[in-house]
Amino acid sequence: MGKNTATILFIGDVVGKPGLQIVDHLLKGLITKHSIDFVICNGENTHNGKGISKEALYQLKEAGVDVITGGNHTWNNFNFFETLKSDPSVIRPLNYPRGVYGKGFGIFRMGNGLGDIAVVNLQGRTFMSPIECPFRTADWVIKQLKEKVSCIVVDMHAEATAEKIALGWYLDGRVSAVLGTHTHVQTADERILPKGTAYCSDVGMTGPFESIIGMQIKAATDRFLYQTPHKYECAENDVHLSAVLLQLDVETGKATGISRIFYPDFNRGNL
């Protein structure tokens, strides 16, 4: 790629120690293989499957992650609150009510002299907490950022696929990418929308797939069988990395490429 193209890697929801370990094992190789200039990952599930810890944050940074985004589990680990207040590399959904600590967006320097990139974290409202409108919040933050940067990547942490798709179309041409997180299942709808915004409904989970979206199978299944609470316990086996690779024109901020990464691939038999 030429000097006007930035290659961005976005890693989907990293779950527990298994997710941290596979990021640590694979990320530097991916950076070299794809000449990656900047790495973002959703880290709200790194602390035993729910929340973030200082130790997890340190491990992600050491592995090569530049920015960690969050979601509805960002606040699950009380011991992380002070770090959330003070560390600019960690952001949380911007559309939480005023007064919630932490930042919902940031401007960061990319490698190889490519300039700055903005990362914005939003959270959906359908089947989730009734917080501020992510669409109007996006309108506000884009106005703040457009005079400063061309490249803007949005992590839309949401339950409903329709809400993510709606935000993608709503922001088409105004941001570089809208990438969904939260559901822990990678979707095969990655594409560049007509006005130049890269889109994928969900980047997927980086963590143990012998599980129910990261949780041990029995505890998760018992929730459905008995309709009662059961202790959340992070699973451990069959670990995969889910991510999306972006190419962005740093002059215009428009996406010129998007592709999914899922490694190692599932066993699908001999078909």
Side-chain angles (χ1 to χ4, degrees), residues 8-17 19-20 23-24 27 38-110 116-125 128-149 151-159 175 179-182 203 206-207 214 232 234:
I8 313 299
L9 183 71
F10 190 109
I11 302 170
D13 301 44
V14 179
V15 177
K17 287 183 180 180
L20 288 167
V23 171
D24 186 56
L27 181 52
F38 195 79
V39 180
I40 308 163
C41 90
N42 186 288
E44 67 146 9
N45 298 117
T46 49
H47 178 64
N48 299 325
K50 283 190 177 182
I52 314 176
S53 67
K54 288 191 289 185
E55 294 77 15
L57 176 62
Y58 176 80
Q59 191 168 345
L60 289 172
K61 287 183 175 181
E62 283 293 298
V65 174
D66 296 294
V67 177
I68 295 90
T69 57
N72 55 306
H73 293 307
T74 297
W75 295 272
N76 278 56
N77 178 19
F78 293 93
N79 294 323
F80 191 70
F81 287 0
E82 291 303 319
T83 304
L84 185 61
K85 294 176 185 177
S86 61
D87 192 321
S89 67
V90 184
I91 62 175
R92 48 79 174 168
L94 179 60
N95 53 318
Y96 270 78
R98 289 185 181 182
V100 172
Y101 42 79
K103 295 182 178 180
F105 68 96
I107 296 175
F108 308 92
R109 182 58 52 92
M110 291 185 283
D116 292 337
I117 184 171
V119 182
V120 178
N121 198 181
L122 298 170
Q123 185 172 307
R125 298 186 293 183
M128 298 185 78
S129 299
I131 56 177
E132 304 296 333
C133 176
F135 294 81
R136 291 182 173 87
T137 301
D139 288 337
W140 176 85
V141 74
I142 290 168
K143 287 180 182 178
Q144 317 307 310
L145 293 172
K146 271 301 185 181
E147 296 180 358
K148 301 174 182 178
V149 294
C151 296
I152 304 172
V153 174
V154 177
D155 175 350
M156 177 55 164
H157 196 79
E159 191 78 46
V175 300
L179 303 176
T181 60
H182 178 66
V203 179
T206 295
Y232 185 101
C234 188

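From a predicted model like this one, the values you see are computed outputs, not experimental measurements.
From H47, atom NE2 reaches atom CG of L57 across 13.0 Å, with rounding to the nearest 0.5 Å. Between S129 atom OG and Y96 atom OH the span is 5.0 Å, to the nearest 0.5 Å. We find the CG-CD distance between L94 and Q144 to be 9.5 Å, quoted to the nearest 0.5 Å. With rounding to the nearest 0.5 angstrom, the CD1 atom of I91 is 6.0 Å from the OG1 atom of T69. Atoms SG and CG, from C41 and L60 in turn, are 4.5 Å apart once rounded to the nearest 0.5 Å. Taken to the nearest 0.5 Å, the NZ atom of K50 stands 9.5 Å off from the CD atom of E44.
Checked options K61, K103, K54, R92; the residue passing with D87 is K61 (criterion: salt bridge (Lys or Arg N to Asp or Glu O under 4.0 Å)). Among H73, H157, Q123, the one residue that satisfies the side-chain hydrogen bond (donor to acceptor under 3.5 Å, both in side chains) test with H182 is H157. Test N121, T137, V100 against P93 for side-chain contact (heavy atoms from CB on, under 4.5 Å) and you get one pass: N121.
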Evaluate the side chain to side chain contact (heavy atoms under 4.5 Å, CB included) criterion for residues T181 and F10: first the C-alpha distance (whole Å), next the side-chain angles of each, then the deciding distance (0.1 Å), finally the verdict.
CA-CA 10 Å; T181 60; F10 190 109; 3.7 Å; yes

Go through the steps to decide whether L20 and E55 satisfy the test side chain to side chain contact (heavy atoms under 4.5 Å, CB included), and finish with yes or no.
CA-CA 10 Å; L20 288 167; E55 294 77 15; over 6 Å; no

Could you give me the CA-CA distance, side-chain angles and deciding distance for W75 and Y101, then say whether side chain to side chain contact (heavy atoms under 4.5 Å, CB included) is met?
CA-CA 10 Å; W75 295 272; Y101 42 79; 3.6 Å; yes

The test is side chain to side chain contact (heavy atoms under 4.5 Å, CB included); show your working for M156 and L179 and say whether it passes.
CA-CA 6 Å; M156 177 55 164; L179 303 176; over 6 Å; no

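When every heavy atom of D155 is checked against every heavy atom of G70, the shortest pair comes out as OD2-O, 4.2 Å. Closest non-hydrogen pair, T46 versus A56, comes out as OG1-CB, 3.5 Å. The two residues G12 and T206 have their closest heavy-atom pair at O-OG1, 3.3 Å. When all heavy atoms of L145 and A118 are compared, the pair lying nearest together is CD1-CB, 3.7 Å. Heavy-atom minimum distance, P134 versus L122: O-CD1, 3.7 Å. Summarising the geometry of I142 relative to V175, their closest heavy-atom pair is CD1-CG1, 3.6 Å, with the distance given to 0.1 Å.
A 4.5 Å side-chain heavy-atom check between V14 and N42 finds every atom pair outside the cut-off. Counting only heavy atoms from C-beta outward, the side chains of I40 and L9 never approach each other to under 4.5 Å. In this structure the side chain of V90 reaches within 4.5 angstrom of the side chain of F80, judged on heavy atoms. For the pair L27 and I11, the minimum side-chain heavy-atom distance is below 4.5 Å. Side-chain contact between V23 and Q59 is absent, with no heavy atoms from C-beta onward closer than 4.5 Å. Taking the side chain as every heavy atom from C-beta outward, D24 and E62 never approach each other to under 4.5 Å. Residues I152 and I117 have side chains not in contact (no heavy-atom distance under 4.5 Å, counting atoms from C-beta outward). Here the side chains of N72 and M128 are in contact, with some heavy-atom distance below 4.5 Å.
Surrounding OH of Y58 are at most 12 heavy atoms belonging to other residues, nucleotides or ligands under 6.0 Å away.
If you look at F135 and W140, their ring centroids are not closer than 6.0 Å.
For the pair N77 (side chain) and I52 (backbone), a donor-acceptor distance under 3.5 Å is present.
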